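So the structure is just underneath, and the comments pick up after that.
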Number of protein chains: 2
Amino acid sequence: MEAVFAGNMEENVKTNPVVPPLEPVEVEVIQLFVQFARALGQPRSIAEIYGLLFASEKPLAMDTLIDRLNLSKGSASQGLKYLQDLGAVRTIYIAGDRRTHYEAVAELRKLAGRFLRQQILTHFEDTENRLNRIAGQTQKLSDEQQRHIAERIDLLRRWDRTGRRILPFVLKMLGGD
Amino acid sequence: MEAVFAGNMEENVKTNPVVPPLEPVEVEVIQLFVQFARALGQPRSIAEIYGLLFASEKPLAMDTLIDRLNLSKGSASQGLKYLQDLGAVRTIYIAGDRRTHYEAVAELRKLAGRFLRQQILTHFEDTENRLNRIAGQTQKLSDEQQRHIAERIDLLRRWDRTGRRILPFVLKMLGGD
DNA sequence: TATTTTGTTCAATTATTATTGAACAAAATA
DNA sequence: TATTTTGTTCAATAATAATTGAACAAAATA
């Protein structure tokens with residue numbers, strides 16, 4: 001391991017001086033993604049990773065994310081995997097460096113599209129089966145209740161169809177950003 | 001307190017025999033809402049309450065929800081409050097019964113509309129301020145980085161505007177279900 | 001071949017969120 | 001007035017989710 005060299009003595013008392021601390025701008029951008037992720041129920045660490053990559057001009061390696069965001073190896077590795085599966089991050093090859101580098105995919109349509117699919121569409125998928133199954137379990141109920149449940153199931157079927165119709169529309173509106 | 005009466009000896013060994021256990025249909029409907037709520041990051045107990053009210057033909061009092069769903073008083077009270085604030089549940093007055101009764105609001109536009117507003121729109125609100133603040137913090141950066149951050153901020157502004165445009169559109173598509 | 005670099009995996013820990021239930025209050029009833 | 005019913009609040013607890021870090025592996029380098 002190489003000795004840490006002796007410049008930069010004033011600042012960076014506790015942190016490795018080779019790694020520049022986050023700039024105020026970077027902090028702000030990250031915060032923006034963190035609070036948005038919160039609204040969507042996504043973990044903070046993932047938003048931090050995406051945020052820093054989004055703010056960064058050049059692709060970053062996992063090390064850098066770990067050092068600058070104070071993440072554990074585990075979080076960084078898992079977070080990057082998650083973002084990559086989601087298509088929110090892509091890997092970049094950099095000659096002469098064997099570390100994988102990552103950059104943020106900043107196309108809203110791709111991002112939001114995949115997120116909606118993963119988060120919502122999945123759950124629409126088996127709704128139809130479920131509803132059919134429910135429809136076949138009303139024997140024990142009174143006639144009045146059977147009628148009511150039948151109405152409810154119809155309603156849920158309409159909701160399901162409406163939801164499915166909306167998604168592609170939203171995708172189209174996300175356009176080419 | 002009234003003595004529990006002596007019919008229904010076979011079943012209901014442990015549970016209060018006055019309270020009918022959940023029918024299979026009810027269980028299924030509740031499960032549907034529970035798994036959807038999960039996708040949206042909402043607590044299970046709230047989905048259970050809404051689910052049972054949705055399946056029920058007549059309005060239910062808090063007691064009934066507590067007994068049939070095995071909830072604590074606290075959960076029931078808080079859950080109903082949350083649902084009422086969201087507009088997902090309305091109160092019904094029933095003559096000769098001083099308990100408040102609740103029924104599910106089953107209009108998709110109201111439900112989804114309020115949920116989206118509460119969950120998403122709130123977070124769009126201060127984005128503009130945030131972005132302006134960020135834009136005024138780029139002094140310390142290199143020219144190249146400043147240019148890049150400026151581009152990113154522009155992009156975020158476009159995303160913000162796109163998001164705002166989409167919401168009313170979605171609401172319109174939710175139509176009159 | 002031995003060592004270092006780069007990264008993954010997953011059990012253990014920590015942090016966060018949901019749920020409970022006891023204490024309390026307000027209104028109705030005895 | 002005393003008691004019961006109906007409901008709220010909130011500190012304590014339980015359940016869930018996120019994060020850590022140690023153990024491991026594969027590939028590059030010495």
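In what follows, every heavy atom counts, from backbone to side chain, and hydrogens, waters and symmetry copies are set aside. These figures come from a predicted structure and were not determined experimentally. Letters A, B, ... mirror the listed sequences (proteins, then strands); counts begin at 1.
Summarising the geometry, the separation between CG on A:Asp67 and C1' on C:dG7 is reported as 15 Å, rounded to the nearest angstrom. Spacing between atom CG of A:Leu69 and atom P of D:dA18 amounts to 18 Å, rounded to whole angstrom units. Summarising the geometry, the separation between OH on B:Tyr82 and P on D:dT9 is reported as 17 Å, rounded to the nearest angstrom. Straight-line distance from the CG atom of B:Leu65 to the C1' atom of D:dT8: 16 Å, rounded to whole Å. Here the P atom of nucleotide D:dA17 and the CD atom of B:Gln42 are 13 Å apart, to the nearest Å. Put simply, CG on A:Leu40 is 17 Å from P on D:dA17, counting in whole angstrom units. Note: CG (B:Leu83) to C1' (D:dT8) measures 16 Å, nearest angstrom. For the pair A:Lys81 NZ and C:dT6 P, the interatomic distance rounds to 21 Å; values are reported in whole Å.
Look at A:Ser77 and you'll find a side-chain N or O under 4.0 angstrom from OP1 or OP2 of C:dT8. Proximity of A:Arg38 to the phosphate of C:dT17: a side-chain N or O atom is located under 4.0 Å from OP1 or OP2. Phosphate contact (OP1/OP2 of D:dG7, side-chain N/O of B:Thr100, threshold under 4.0 Å): present.
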Return the polar atom pairs (N/O with N/O) between nucleotides 19-25 of chain D and the protein under 3.5 Å, or none.
from: D:dT19; atom 1: OP1; to: A:Ser45; atom 2: N; distance (Å): 3.4
from: D:dT19; atom 1: OP2; to: A:Ser45; atom 2: OG; distance (Å): 2.6
from: D:dT20; atom 1: OP2; to: A:Ser72; atom 2: N; distance (Å): 3.1
from: D:dT20; atom 1: OP2; to: A:Ser72; atom 2: OG; distance (Å): 3.1
from: D:dT20; atom 1: OP2; to: A:Ser75; atom 2: OG; distance (Å): 3.0

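Pairs engaging residues 81-104 of chain B under the ring pair (Phe, Tyr, Trp, His ring centres under 6.0 Å) rule: none recorded [sequence neighbours left out].
Under 4.0 Å is where a charged nitrogen must lie from a carboxylate oxygen, and between A:Asp143 and A:Arg147 no such pair does. Under the 4.0 Å criterion applied to side-chain N and carboxylate O atoms, B:Asp85 and B:Lys81 are assigned as salt-bridge partners. B:Asp154 and B:Arg158 are not joined by a salt bridge, as no carboxylate oxygen comes within less than 4.0 angstrom of a charged side-chain nitrogen. Contact check on A:Glu128 versus A:Arg157 returns no salt bridge, with no Lys/Arg side-chain nitrogen under 4.0 Å from an Asp/Glu carboxylate oxygen.
Separating the CD atom in A:Gln137 from the CD atom in B:Glu28 is a distance of 4.5 Å, to the nearest 0.5 Å.
Not less than 6.0 angstrom separates the ring centroid of A:Trp159 from the ring centroid of B:Phe33.
Among the protein residues, B:Arg99 comes within range of the sugar-phosphate backbone only, with heavy atoms under 4.0 Å from sugar or phosphate atoms but none that close to a base.
Where pairing requires Watson-Crick or G-U contacts shorter than 3.5 Å, the helical stems of DNA chain D with at least three consecutive pairs are C:1-30 with D:1-30.
No donor-acceptor contact under 3.5 Å links the side chain of A:Arg98 to the base of C:dT6.
Under the side chain to side chain contact (heavy atoms under 4.5 Å, CB included) rule, A:Leu52 has a single partner from A:Ile30, A:Val29, A:Val27, which is A:Ile30.
A single hydrophobic cluster is not seen to contain both B:Leu80 and B:Val105; linkage of ILVMFWY side chains at heavy-atom distances under 4.5 Å, directly or through other members, places them apart.
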